[in-house]
Amino acid sequence: MSPVSDQSGTTGASYAAAGVDIEAGDRAVELMKEWVKKAQRPEVLGGLGGFAGLFDASALKRYERPLLASATDGVGTKVDIARQMGVYDTIGHDLVAMVMDDIVVCGAEPLFMTDYICVGKVHPERVALIVKGIAEGCVLAGCALVGGETAEHPGLLGEDDFDVAGAGTGVVEADRLLGADRIRTGDAVIAMAASGLHSNGYSLVRHVLLNQAGLALDARIEEFGRTLGEELLEPTKIYSLDCLALTRTTEVHAFSHITGGGLAANLARVIPDGLHAIVDRSTWTPAPVFDLVGRTGRVERLELEKTLNMGVGMMAIVPSESADAALATLADRGVDAWVAGEITDRGEHTTGAELVGDYAV
């Protein structure tokens with residue numbers, strides 16, 4: 001059908017004229033297909049392009065009482081660092097970490113994930129790079145990427161602006177569900193090192209380093225041994241398979257994914273009434289980026305600690321007699337981990353977890 005014109009010869013409105021490029025969207029789908037193929041599991045049916053992703057649930061028959069675990073998340077304003085640097089193939093890795101590391105906290109095996117990418121204008125190659133990162137992250141988490149959506153929002157977002165979100169599903173046997181009810185006095189709290197800032201607190205980080213201090217993303221920072229932008233874009237560590245390996249090799253009572261809210265607040269979420277987690281700061285030294293943010297913005301330590309992960313991305317609570325075996329398993333998998341604290345009676349404490357002491361120099 002030809003475009004509708006009035007008698008003056010003016011062409012009528014169209015979707016393209018409104019800013020939505022369907023052809024670019026189709027090309028983006030074609031470019032991302034090769035990456036999605038790499039993030040599969042045998043239970044996935046069909047291919048990219050359907051209205052829904054299919055997962056063969058008969059695979060769950062091996063469970064006595066399968067519990068499905070689900071989570072959804074995004075990566076916050078870290079996307080603006082990626083946009084400014086023109087780097088699009090790592091932010092998807094962050095997305096998988098934020099979703100699947102929440103799911104594994106209860107002991108669930110990640111099964112599949114879907115994504116949502118919202119852009120001001122579809123640049124097919126950029127969208128494909130974002131999906132590349134998501135697919136690579138799914139491989140590291142052991143889950144499949146079964147589908148997603150790319151939406152173009154002209155007029156609401158600038159041509160180079162974008163955001164990402166995702167949702168995931170996992171499964172755990174009911175009698176192997178981890179959580180607060182398993183934790184006991186005397187349990188050891190094991191910290192697993194973060195790869196950097198991960199994907200939380202970037203509104204504070206951007207405000208302090210970019211807006212207040214005026215630092216450039218391409219400025220080389222000696223403490224980092226690389227540019228500021230490279231440090232800020234360091235992908236979030238994906239712990240899913242490491243945590244599952246821990247549950248297979250030793251007894252684990254609970255995990256805590258350290259995200260928004262910081263270490264103490266997230267750890268407190270898995271501590272039962274009557275018990276208290278004490279974490280000793282002297283057992284580790286936060287990476288230089290945390291000191292830079294605090295020093296540059298004159299941010300008080302408690303404010304930093306309730307905003308950033310301070311160098312710990314995941315915590316495991318295990319019986320004290322299992323701590324050595326847990327550390328050995330993590331070391332074999334290349335995960336830097338240490339005993340950072342213990343579980344005690346709540347006593348007069350009003351919160352479920354606290355940090356004590358000073359960070360090691």
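Sequence positions, counted from 1, serve as the residue numbers for this chain.
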ILVMFWY network linking Val339 to Val335, side-chain heavy atoms under 4.5 angstrom: yes
Are Tyr116 and Val146 joined in one hydrophobic group, where the rule is that I, L, V, M, F, W and Y side chains link up if heavy atoms are under 4.5 Å apart? no
Look at [X] together with [Y] and state whether they make a salt bridge at an N to O cut-off of under 4.0 Å.
X: Glu231; Y: Arg226; answer: yes
X: Arg176; Y: Glu251; answer: no
X: Arg62; Y: Glu109; answer: yes

Which pairs would a plain distance check flag for residues 159-168, meaning a side-chain donor or acceptor within less than 3.5 Å of a matching protein atom at least two apart in sequence or in another chain?
from: Asp160; atom 1: OD1; to: Arg126; atom 2: NH1; distance (Å): 2.7
from: Asp160; atom 1: OD1; to: Arg126; atom 2: NH2; distance (Å): 3.4
from: Asp161; atom 1: OD2; to: Gly158; atom 2: N; distance (Å): 2.9

Any chance the side chains of [X] and [Y] put a donor and an acceptor closer than 3.5 Å?
X: Ser199; Y: Thr236; value: yes
X: His123; Y: Glu125; value: no
X: Asp345; Y: Thr185; value: yes

Are side-chain heavy atoms of [X] and [Y] found at a separation under 4.5 Å?
X: Val279; Y: Leu267; answer: yes
X: Phe290; Y: Leu197; answer: yes
X: Arg182; Y: Asp187; answer: no
X: Val99; Y: Thr72; answer: no

Separation between CD1 (Ile271) and OG1 (Thr344), nearest 0.5 Å, reads 9.5 Å
Value for SG (Cys243) from CD1 (Ile103), rounded to nearest 0.5 Å, stands at 12.5 Å
Given the options Asp101, Ile238, Thr259, Met314 meets side chain to side chain contact (heavy atoms under 4.5 Å, CB included) only with Asp101
Shortest non-hydrogen pair, Ile134 vs Val96, comes out as O-CG2, 3.4 Å
All heavy atoms of Ser282 vs all of Ala360, minimum pair found to be O-CB, 3.5 Å
message = Let's go through Asp175 and Arg65 carefully: what are the C-alpha distance in whole Å and the side-chain angles of both, what is the deciding distance for salt bridge (Lys or Arg N to Asp or Glu O under 4.0 Å) to 0.1 Å, and is it a yes or a no?
response = CA-CA 8 Å; Asp175 64 6; Arg65 185 186 169 203; over 6 Å; no
Output yes when a side-chain donor or acceptor of Asn266 lies under 3.5 Å from a complementary backbone atom of Gly260, and no otherwise.
-> yes
Self-check item: Side-chain donor/acceptor of His276 to backbone N/O of Gly347, under 3.5 Å
Solution: no
Note to self: So for atom CZ, which belongs to Arg269, do other residues, nucleotides or ligands contribute more than 12 heavy atoms lying within a distance under 6.0 Å?
What the structure shows: no
Indicate every side-chain donor-acceptor pair of residues 209-221 with a distance under 3.5 Å to a residue at least two apart or in another chain.
from: Gln212; atom 1: NE2; to: His207; atom 2: NE2; distance (Å): 3.2
from: Arg220; atom 1: NH1; to: Gly225; atom 2: O; distance (Å): 3.2
from: Arg220; atom 1: NH2; to: Gly225; atom 2: O; distance (Å): 3.2

